[in-house]
*Asks:* 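Before we start, here is the structure in question, set down as structure tokens.
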Amino acid sequence: ELKVEQNPLFLSMQEGKNYTIYCNYSTTSDRLYWYRQDPGKSLESLFVLLSNGAVKQEGRLMASLDTKARLSTLHITAAVHDLSATYFCAVDVFYNQGGKLIFGQGTELSVKP
Amino acid sequence: DGGITQSPKYLFRKEGQNVTLSCEQNLNHDAMYWYRQDPGQGLRLIYYSQIVNDFQKGDIAEGYSVSREKKESFPLTVTSAQKNPTAFYLCASSIDGGETQYFGPGTRLLVL
């Protein structure tokens, strides 16, 4: 069974601190996405990682992909309250056959002053 | 403005009733998708379509049906066979299968 597992599932952190969210997946894939979801809202695309060793950065967020370890990380630097949301990773296991995404459970991030 | 629209925002279903959720996009995307999200969980794929007049079942297609008669539109029908339909339904599209998927605002379905 294809599985995508995120940890932690809940993360409460103080403003200014750093932390990393981990995304492990159980099948071969060279394409991984990170999305953000605010409460009651839709998903917003953050990053797409297309190859082993890929690293993308946007503001205080940096995502990386290690396809050999089947691991992606989302690193948060100097967190601010506006980053409070749920973050999902999603693995594209059939990207040459229709783009079927398998999502992780999500990591609910709460950044407190 | 290009984007994905879903309607209605909230939908109430009576037992035994079929209901249809609308998804429209003006991004000229070939591929469209329907996902279901239950509270505190990730998204699960219901159906997807790579091209007009063609669609495939996802992981949880039972109790749902779709059509893709136009490139812009991919409606989802929740049939009476779906015994636990209460969820947040998200439609997505991508320029073609395998590219970044962009999501609509979602429809929240509740059972009366």
Side-chain angles (χ1 to χ4, degrees), chain A residues 1-11 21 23-27 29-51 54 56 58 63 85-110, chain B residues 3-7 9-10 21 23 25 27 29-52 54-61 66 68 74 87-110:
Chain A
E1 182 185 349
L2 305 176
K3 284 189 176 179
V4 179
E5 294 184 336
Q6 291 181 232
N7 73 84
L9 299 183
F10 299 95
L11 178 55
I21 298 170
C23 173
N24 290 91
Y25 54 98
S26 64
T27 189
S29 175
D30 289 335
R31 191 165 295 206
L32 187 139
Y33 299 87
W34 283 95
Y35 287 90
R36 167 182 171 146
Q37 185 178 38
D38 292 301
K41 303 293 186 182
S42 186
L43 274 68
E44 173 190 353
S45 176
L46 293 175
F47 301 108
V48 53
L49 302 167
L50 299 177
S51 61
K56 294 278 185 74
E58 180 72 33
T86 298
Y87 293 85
F88 291 95
C89 64
V91 174
D92 192 337
V93 295
F94 297 123
Y95 62 85
N96 60 348
Q97 297 176 37
K100 178 178 175 180
L101 294 184
I102 307 296
F103 280 81
Q105 316 97 303
T107 296
E108 185 177 334
L109 171 65
S110 175
Chain B
I4 304 170
T5 58
Q6 291 185 242
S7 62
K9 187 173 181 179
Y10 295 95
L21 285 61
C23 177
Q25 54 96 2
L27 300 168
H29 285 175
D30 282 323
M32 296 186 75
Y33 310 82
W34 274 106
Y35 292 90
R36 169 180 171 142
Q37 185 178 30
D38 292 285
Q41 298 188 31
L43 280 66
R44 292 181 291 168
L45 182 65
I46 305 173
Y47 269 98
Y48 63 106
S49 168
Q50 291 182 266
I51 199 166
V52 175
D54 186 49
F55 49 82
Q56 288 79 40
K57 292 182 180 180
D59 296 320
I60 55 165
V66 294
R68 186 88 187 275
F74 191 39
F88 189 40
Y89 290 86
L90 288 157
C91 176
S93 71
S94 61
I95 192 163
D96 58 36
E99 299 299 324
T100 299
Q101 295 180 25
Y102 297 93
F103 286 81
T107 292
R108 202 166 295 276
L109 177 60
L110 300 167

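None of the values given here were measured: they were computed from a predicted structure. Per chain, numbering begins at 1; letters A, B, ... match sequence-line order.
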*Asks:* So which of A:Val48, A:Leu101, A:Thr86 has the largest heavy-atom pair count under 4.5 angstrom toward chain B?
*Replies:* A:Leu101
*Asks:* Let me know if B:Leu43 has heavy atoms under 4.5 Å from chain A in its side chain, its backbone, both or neither.
*Replies:* both
*Asks:* Who wins among A:Leu43, A:Leu50, A:Leu9 for the most heavy-atom pairs under 4.5 Å with chain B?
*Replies:* A:Leu43
*Asks:* Determine the interplanar angle of the A:Tyr35 and A:Phe103 rings, folded into 0 to 90°, and report it as parallel if under 30°, tilted if 30 to 60°, perpendicular if over 60°.
*Replies:* tilted
*Asks:* Heavy-atom distance under 4.5 Å to chain A: side chain of B:Gln6, backbone, both or neither?
*Replies:* neither
*Asks:* Tell me whether the guanidinium CZ or amine NZ of B:Arg68 lies under 6.0 angstrom from the six-membered ring centre of B:Phe55 and within 45° of its axis.
*Replies:* no
*Asks:* Show your working on side chain to side chain donor-acceptor pair (under 3.5 Å) between B:Tyr35 and B:Gln101 and close with a plain yes or no.
*Replies:* CA-CA 12 Å; B:Tyr35 292 90; B:Gln101 295 180 25; 2.7 Å; yes
*Asks:* For A:Glu108, is it the side chain, the backbone, both, or neither that has a heavy atom closer than 4.5 Å to a heavy atom of chain B?
*Replies:* neither
*Asks:* Indicate whether the side chain of B:Ser94 and that of B:Tyr33 have a donor and an acceptor atom separated by less than 3.5 Å.
*Replies:* yes
*Asks:* Give a yes or no answer on whether the side chain of B:Ser49 reaches the backbone of B:Asp54 with a donor-acceptor pair at less than 3.5 Å.
*Replies:* yes
*Asks:* Using non-hydrogen atoms only, which part of B:Arg44 is less than 4.5 Å away from chain A: side chain, backbone, both, or neither?
*Replies:* neither
